[in-house]
Visitor: 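The structure's right below; bear with me while I get my questions together.
Numbered from 1 within each chain, the chains take letters A, B, ... in sequence-line order. Values in this document were obtained by computation on a predicted structure and should not be read as measured data. Only heavy atoms go into these numbers, but all of them, side chains included; no hydrogens, no water, no symmetry mates.
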Amino acid sequence: MREYNIVITGVGGQGILTAANLLGWAALHAGHKVRVGEVHGMSQRFGSVIAYVRFGEDVYGAMVPEGKADVILSFEPVEALRYINYLKKGGLVFTNARPIPPVQVSMGLATYPTLDEMKKIVEEDFGGKFMAFDAEKLALEAGNIVTTNVVLIGALSQTPGFPLSEEGIKEVIRISVPPKTIDVNMKAFELGVKAAKEMLGL
Amino acid sequence: MAKVTDIVLWDKPGEKVLLLGNHAIARGALEANIAVYAAYPGTPSSELTDTMAAVAEKAGVYMEYSTNEKVAFETALSAAWSGLRAMTAMKHVGLNVAADTFMSAVGMGVEGGFVIMVADDPSMWSSQNEQDTRMYAKFANVPVLEPSSPHEAKEMTKYAFELSEKFKHFVILRTTTRSSHARGDVVLGELPEEIKTGKRKFGKFKKDPTRFVDIPAHSRKFHPLILEKIEKIREELNNCPFNWIEGKEDAKVGIIAPGLSYSYVKEALAWLGVEDVKILKLGTPFPVPYGLLEKFMDGLEKVLIVEELEPVVEEQVKTWAYDKGLRVPIHGKDLVPRVYEMTTRRAVEAIAKFLGIETPINFAEIDEKYEKVSQIVPPRPPSLCPACPHRNTFFAIRKAAGPKAIFPSDIGCYTLGVLPPLKTVDTTVAMGASIGVAHGLSIATNGSLAEKEYKGGKEKQIIVATIGDSTFFHTGLPALANAIYNRSNVLIVVLDNEVTAMTGDQPNPGTGQTPHGPGKRILIEEVARAMGADFVEVVDPYDIKATYETIKKALKVEGVSVVVSRQPCALYRIGQMRRRGEKWPIYHVIEDKCTGCKICINAYGCPAIYWDPETKKAKIDPSMCWGCGGCAQVCPFDAFEPMKEGE
């Protein structure tokens, strides 16, 4: 495989960099050349955050070029739209469905688009597929809201043509999280897998 | 995925691991048997410093969080004078702070290897300007190494120490955001015995005033010496393992790619499907090794230099070509933008234009469609965290000082106070500048209490400066001494959250902790009193009313007032509570009491509070509330309350 590109987006503090790091390690264990791109410092403080995970034979830079993301994995719906220019034609957007309205929206200085509007843009203008599901609800079901990122990774692992094995990712999660939270994380992963299978009709 | 600090100390040569560029550099320094490391944190360099702090004791390295970059530089430099391998790290603007020592001491050279890691931030993701450290390197005649991948960053760090020792000269290791904050596969090398056993290394300083005292008689000898050294280094770099020629040997077209640009060029060529090209991969953008350049240029009919920011390599190559009488067209900044960071797209577009071919995808079409999207995506700039004590302090300042007051501020998380609804930041320039600017504005608008004819301006201009604890110790101190001595009329509020928060909660003199154990804590109020401030008080910003009243009182004082607003960084505090499994109160809105007046949103602006357009009431996202209770204090209708168990 020459390259596989994932863009992870959301709001600072949602566990985006952790998710990127987990996927990076899973790709390394699978024998790929890996690049993960992040931004630290002020940009992380409850602002919009983007991270890149790339692996394969032909990856060099840490940023996915515009028009080249196989998947956008978004922790918050409008953040998927903010980086939609990265999506390749036929790419997939997987997003947590629960919005976090920015302060500007609450102040009445901006409006927040609906999920239907977002789906229309992604599918009609960018030739991608848009799927939203309540990952936070599933994380709570698994036992802890902080596992939302693992629910999303579980869902990601089911996308057609995804090059990393479910078992490989689970192994990295197992050795990365605090031992007493392994079960909760595994459950979160499985719930993500199940949700994706339903959405994708697998 | 083991802990980074464990991986960096792993005695597993040959093991392939995933490391952040900054972590890889820390590993490289350990593989090089570093003895002393000193730095002041600054994004994007901070993780290198934090990693060194985490492993220092185990590896037998002396490590300190210095109060600023100049002091850090001097600590590490003196160790290198004493024959030890030493390193300092900073962000690009940090080199401005250290520049005085850097420029003066370069002629003195070093005994042990001395590496200055400088992290540039093209596109300014977390910085106040966009400067290219390679210009400084050229200015000071110091060689600069620039990695193209995390693994190379580690290898280069080792080489940098060797190069420095061989020529007894400074060496800069320059990264950018996208190399410092990129993770990649890194192969671990051997750790020296002394690092593995944690043996602390000590040096010996040999006195030599003709070398270490820069009176004019001595320094006149330095400059020619520096120039001689840099040309010898230029010669040496022809054989540097990070410089090479690749691609088609008899190609007529050449591309020169320094540092990280090499990775973008490789990717761009693969994407474009271009193979008939020769590449000069440059790990040393300054000085460009002319021998290798001459070999590369042989047979070429045109050349493109793909470099980020300033035309540092371009100018060297063009000068060399002119002197050689070479008439090959050399392109660079005419095709590659001079501002903001390099990307694969930029490399693709420059190379396509250079070769007269089409780009593989239609970027203009993506831009056009995205333009439409950007109209409907609401902005989400970073904001002060929930429960951030600074929000409360700013809220109290605005209320006490009124809208006509001027608010000079400084570098830190609190610079975000510029955004609505707080809008309590009117100027931010550089570390420590809040106090200097406040003083200057006071002199300009009110005059100085030291002036015989002091009458004050027509109407007293209220000036309230804000500065963080770490920034106060960094460069706030001399400015405060200046304001007090010269008698201006200002209020300085020190936002003391007891850590250097923006760069990742590093300790500072106000925290008192060092990586080796407790240091001595310095209290800001005691410093201000000792300096002779006219009014000094400490407040708790979680008590907004008391903070407001103290500020009101301070504003009545003629002269320099200092209010220390102290409450730990919320992000730091919550992180620690989470680790200990502790809980904190979570607030909610009592719907019957909320009148929808929006003060909590339009004046206070906690990111956990949002507006529900259906009920026309404020709401709190429980997953984001960190329990400071500020909302309950600013709400005129008592609509905020902590949730009870089970709610």
Visitor: Please flag which part of P101(A) lies under 4.5 Å from any non-hydrogen atom of chain B: side chain, backbone, both or neither.
Guide: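 Contact with chain B is through both the backbone and side chain of P101(A).
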
Visitor: Measuring heavy-atom distances to chain B, does L17(A) have an atom under 4.5 Å in its side chain, in its backbone, in both, or in neither?
Guide: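 For L17(A), neither part sits under 4.5 Å from chain B.
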
Visitor: Under a 4.0 Å threshold between the charged nitrogen and the carboxylate oxygen, would E76(A) count as salt-bridged to R380(B)?
Guide: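 Yes, charged N to carboxylate O under 4.0 Å.
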
Visitor: What about F162(A) and Y4(A), are their ring centers closer than 6.0 Å?
Guide: yes

Visitor: Please determine whether a side-chain nitrogen of the Lys or Arg among K187(A) and E190(A) lies less than 4.0 Å from a carboxylate oxygen of the Asp or Glu.
Guide: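 No, K187(A) and E190(A) are not salt-bridged.
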
Visitor: Measure from NZ or CZ of K120(A) to the centre of the six-membered ring of F130(A), then state whether that distance is under 6.0 Å and the direction lies within 45° of the axis.
Guide: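 No, cation not above the ring by the 6.0 Å, 45° rule.
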
Visitor: Do you know which of V146(A), V59(A), L28(A) has the most heavy-atom pairs with chain B at a distance under 4.5 angstrom?
Guide: L28(A)

Visitor: Does any backbone or side-chain atom of K89(A) lie under 4.5 Å from a heavy atom of chain B? Answer side chain, backbone, both or neither.
Guide: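 Only the side chain of K89(A) comes within 4.5 Å of chain B.
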
Visitor: Specify which of K3(B), M624(B), K266(B), K16(B) makes the most heavy-atom pairs with chain A at under 4.5 Å.
Guide: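 Going by pairs under 4.5 Å, I would pick K266(B).
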
Visitor: Does the pair R345(B)/E267(B) count as a salt bridge with the N-to-O cut at 4.0 Å?
Guide: no

Visitor: Does S180(B) reach the main-chain N or O of P44(B) with its side chain, forming a donor-acceptor pair under 3.5 Å?
Guide: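 Yes.
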
Visitor: Return the option, out of N362(B), V17(B), I609(B), with the maximum number of heavy-atom pairs under 4.5 Å with chain A.
Guide: V17(B)

Visitor: I'd like to know if K33(A) and D185(B) make a salt bridge, using a cut-off of under 4.0 Å between side-chain N and carboxylate O.
Guide: no

Visitor: Check the angle between the aromatic planes of F55(A) and H32(A) and answer parallel, tilted or perpendicular using the 30° and 60° thresholds.
Guide: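 Because their plane-to-plane angle lies in the 30° to 60° range, the rings of F55(A) and H32(A) count as tilted.
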
Visitor: Indicate whether any N or O donor in one side chain lies under 3.5 Å from an N or O acceptor in the other, for H23(B) and E47(B).
Guide: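 Distance-only check fails for H23(B) and E47(B).
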
Visitor: Under a 4.5 Å cutoff for heavy-atom pairs, which residue among A270(B), G504(B), P607(B) has the most contacts with chain A?
Guide: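 So the answer, after comparing A270(B), G504(B), P607(B), is A270(B).
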
Visitor: If you measure from the Lys or Arg side-chain nitrogens to the Asp or Glu carboxylate oxygens, is any gap between R2(A) and D58(A) under 4.0 Å?
Guide: yes

Visitor: With respect to chain B, which residue among A26(A), G61(A), A110(A), G13(A) yields the maximal number of heavy-atom pairs within a distance under 4.5 Å?
Guide: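 When all of A26(A), G61(A), A110(A), G13(A) are compared, G61(A) has the most.
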
Visitor: Does any heavy atom of chain B fall under 4.5 Å from the side chain of Q104(A), the backbone, both, or neither of them?
Guide: side chain

Visitor: Is it true that D612(B) and K619(B) make a salt bridge, defined as a side-chain N closer than 4.0 Å to a carboxylate O?
Guide: yes

Visitor: Of the backbone (N, CA, C, O) and the side chain (C-beta and beyond), which part of I175(A) lies under 4.5 Å from a heavy atom of chain B, both, or neither?
Guide: both

Visitor: With a 4.5 angstrom heavy-atom cut-off, which part of V34(A) approaches chain B: side chain, backbone, both or neither?
Guide: both

Visitor: Using heavy-atom distances under 4.5 Å, tell me whether E171(A) contacts chain B through its side chain, its backbone, both, or neither.
Guide: neither

Visitor: At a heavy-atom separation under 4.5 Å, does I100(A) approach chain B through its side chain, its backbone, both, or neither?
Guide: both

Visitor: Please rank A182(B), S127(B), P378(B), G184(B) by heavy-atom pairs under 4.5 Å with chain A and give me the top one.
Guide: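 Highest number of pairs under 4.5 Å: P378(B).
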
Visitor: Which of the residues G605(B), P379(B), P421(B) is involved in the greatest number of heavy-atom pairs with chain A at under 4.5 angstrom?
Guide: P379(B)

Visitor: Tell me, for R174(A) versus chain B, whether the close heavy atoms (under 4.5 Å) come from the side chain, the backbone, both or neither.
Guide: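 For R174(A), neither part sits under 4.5 Å from chain B.
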
Visitor: Sort L81(A) into side chain, backbone, both or neither according to what part of it lies under 4.5 angstrom from a heavy atom of chain B.
Guide: both

